[in-house]
Amino acid sequence: MIEISDLIYTWQNHAHPTLQIKHLQVNDGEKVFLHGPSGSGKSTLLGLLTGTTPIQHGSVSVLGQSLAKLSGTKRDRFRADHIGTIFQNFNLLPYLSPLENVTLGCEFSPRRTKRACDERGQVVAQAHYLLNALGLDDNLLSRSVSELSIGQQQRVAAARAFIGQPEVIIADEPTSALDADTREAFIATLFGQAEKYQATVIFVSHDNSLSHLFDRKISLPSINEASQ
């Protein structure tokens with residue numbers, strides 16, 4: 001699903017690379033816990049995996065597609081079609097309802113729109129299904145997301161990532177504002193949806209206590225030669 005080879009990335013005006021990864025492979029359907037302290041390059045790696053950051057040296061392939069060979073516009077389209085992201089701060093539009101926020105996941109991808117319609121008939125119907133499956137009651141779905149709790153907003157963000165069945169879900173510190181019991185419950189729900197859609201999950205966190213829930217644990221400092 002994901003393969004990295006001979007990756008080197010150096011931020012502008014920095015003397016030394018931030019990332020230097022010889023090889024990393026993530027298999028189809030795998031649930032991977034990626035951890036490391038602040039400043040270890042987690043956000044940089046996510047930017048390279050999603051195509052928001054151009055690759056300087058080496059290879060990053062997702063679904064067999066080399067991201068280095070795509071233009072910025074084609075990387076954006078690839079990300080919209082194949083990658084769902086749950087951001088640390090959720091990045092929801094506060095003036096929209098949960099349903100409206102979730103359907104945005106299909107606005108830039110005819111491919112995901114088609115998949116959502118194939119499954120439930122309409123994009124809004126799949127958004128409704130996902131929000132219910134992730135634990136949001138119907139009486140919350142027409143409210144502004146600014147009225148929801150942090151845990152409820154988190155579920156909206158997860159539903160937006162899953163809509164249209166992207167093959168890769170990247171979760172960037174999505175549980176940092178939750179207590180321990182709520183974190184584990186959310187991850188269990190997340191895995192349930194990932195298994196339904198056979199999605200690969202890359203979950204990034206500095207909280208090592210969650211790692212036992214995943215198929216594999218990867219310490220970024222241990223694979224990043226730039227930090228050694």
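Not measured: the values here are computed from a predicted model.
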Exercise for the section: Compare all side-chain heavy atoms of I169 with those of T200 and state whether any distance is below 4.5 angstrom. Expected result: no
Problem - Nearest-0.5 Å distance that lies between atom NE2 in H35 and atom OG in S211 - result: 6.5 Å
Practice task
Examine the side chains of Y197 and E119 and answer whether a donor and an acceptor come within less than 3.5 Å of each other.
Solution key: yes
Practice task
Over 60° means perpendicular and under 30° means parallel, so classify the ring planes of W11 and Y9, tilted if in between.
Solution key: perpendicular
Handout entry: Close side-chain approach of I86 to L190, heavy-atom, < 4.5 Å
Key = yes
Completion exercise
Between N224 and I21 the two heavy atoms that sit nearest each other are CA-CG1, 4.4 Å
Problem - Donor-acceptor under 3.5 Å (S144 side chain, P94 main chain) - result: yes
Exercise for the section: Would you mind checking if E3 and K22 are paired as a salt bridge, meaning a charged N to carboxylate O distance below 4.0 Å? Expected result: no
Fill in the blank from the handout: Which of N132, V124, V102 passes side chain to side chain contact (heavy atoms under 4.5 Å, CB included) with L141? It is N132
Problem - Single-linkage hydrophobic cluster, 4.5 Å side-chain cutoff, L130 and L92 together - result: yes
Completion exercise
So CG of L220 and OG of S227: to nearest 0.5 Å the spacing works out to 6.5 Å
Handout entry: Pair D207 + R183, salt bridge at N-O below 4.0 Å
Key = yes
Completion exercise
In terms of heavy-atom contacts, A68 and I55 come closest through N-CD1, 3.7 Å
Practice task
Treating Ile, Leu, Val, Met, Phe, Trp and Tyr as nodes and any side-chain heavy-atom pair under 4.5 angstrom as an edge, say whether F191 and L131 lie in one connected cluster.
Solution key: yes
Problem - Closest heavy-atom pair and its distance - P166, I163 - result: CD-O, 3.5 Å
Problem - Interatomic spacing from CD in E147 to OG in S97 - rounded to 0.5 Å - result: 10.5 Å
Can you give each donor-acceptor pair under 3.5 Å made by side-chain atoms of residues 151-162, sequence neighbours left out, with the distance rounded to 0.1 Å?
from, atom 1, to, atom 2, distance (Å)
Q152, OE1, S149, N, 2.9
Q152, OE1, S149, OG, 3.3
Q153, NE2, V145, O, 3.4
Q153, NE2, L148, O, 3.1
Q154, NE2, P174, O, 2.9
R155, NE, L134, O, 3.0
R155, NH1, G151, O, 3.1
R160, NH1, N91, O, 2.9
R160, NH2, F90, O, 2.5

Problem - Same apolar cluster: L70 and F108, side chain cutoff 4.5 Å - result: no
Handout entry: Same apolar cluster (I L V M F W Y, side chains within < 4.5 Å links), Y129/L140
Key = yes
Handout entry: Ring-face cation of K31 near F203 (centre distance under 6.0 Å, axis angle within 45°)
Key = no
Exercise for the section: Would you mind reporting whether M1 and V168 have side-chain heavy atoms less than 4.5 Å apart? Expected result: yes
Practice task
Could you tell me whether R79 and D76 make a salt bridge, using a distance below 4.0 angstrom between a side-chain N and a carboxylate O?
Solution key: yes
Exercise for the section: Would you sort out whether T175 and F186 count as a side-chain contact (heavy atoms from CB on, under 4.5 Å), showing the intermediate values? Expected result: CA-CA 8 Å; T175 59; F186 172 74; 3.7 Å; yes
Completion exercise
Closest non-hydrogen contact found for I83 with T50 is CD1-CA, 3.9 Å
Problem - Side-chain touch L7/L45, heavy atoms, less than 4.5 angstrom - result: yes
Practice task
Could you check if a side-chain atom of H212 sits within less than 4.5 angstrom of a side-chain atom of E184, using non-hydrogen atoms only?
Solution key: yes
Practice task
Please test H128 against L99 for side-chain contact (heavy atoms from CB on, under 4.5 Å), starting from the C-alpha separation and ending with a verdict.
Solution key: CA-CA 7 Å; H128 195 140; L99 278 171; 4.0 Å; yes
Handout entry: Q56 side chain vs T10 backbone, donor-acceptor pair below 3.5 Å
Key = yes
Problem - Shortest non-hydrogen contact between Q65 and F78, atoms and distance - result: CB-CE1, 3.7 Å
Problem - Donor-acceptor under 3.5 Å (Q126 side chain, G164 main chain) - result: yes
Handout entry: Close side-chain approach of H82 and R111, heavy atoms under 4.5 Å
Key = yes
Handout entry: Check: E167 and D28 side chains under 4.5 Å, non-hydrogen atoms
Key = no
Problem - Test: R143 and E100 ion pair at under 4.0 Å - result: no
Practice task
Please report the shortest heavy-atom distance between G105 and R112, naming the atom on each side.
Solution key: O-CZ, 3.5 Å
Exercise for the section: Count the heavy atoms of every other residue, nucleotide or ligand shown that sit under 6.0 Å from NZ of K196, and state whether that count exceeds 12. Expected result: yes
Completion exercise
CG of L210 to CZ of F33, rounded to nearest 0.5 Å, is 5.5 Å
Exercise for the section: Give me the one residue out of L46, V32, L49 that meets side chain to side chain contact (heavy atoms under 4.5 Å, CB included) with V204. Expected result: L46
Practice task
Side-chain contact test, heavy atoms from C-beta onward, threshold under 4.5 Å: evaluate it for C117 versus V123 and give yes or no.
Solution key: yes
Exercise for the section: Supply the atom-to-atom distance R115 CZ to D81 CG, rounded to the nearest 0.5 angstrom. Expected result: 9.0 Å
Handout entry: Under 3.5 Å: donor-acceptor pair, side chain of S109, backbone of C106
Key = no
Practice task
Please round to the nearest 0.5 Å and tell me the distance separating atom OG1 of T182 and atom CD1 of I150.
Solution key: 12.0 Å
Exercise for the section: Could you state whether I8 and V60 fall into the same hydrophobic cluster, counting links through intermediate Ile, Leu, Val, Met, Phe, Trp or Tyr residues with side-chain heavy atoms under 4.5 angstrom apart? Expected result: no
Practice task
Would you check if the side chain of N101 reaches a backbone N or O of L93 as a donor-acceptor pair within less than 3.5 Å?
Solution key: yes
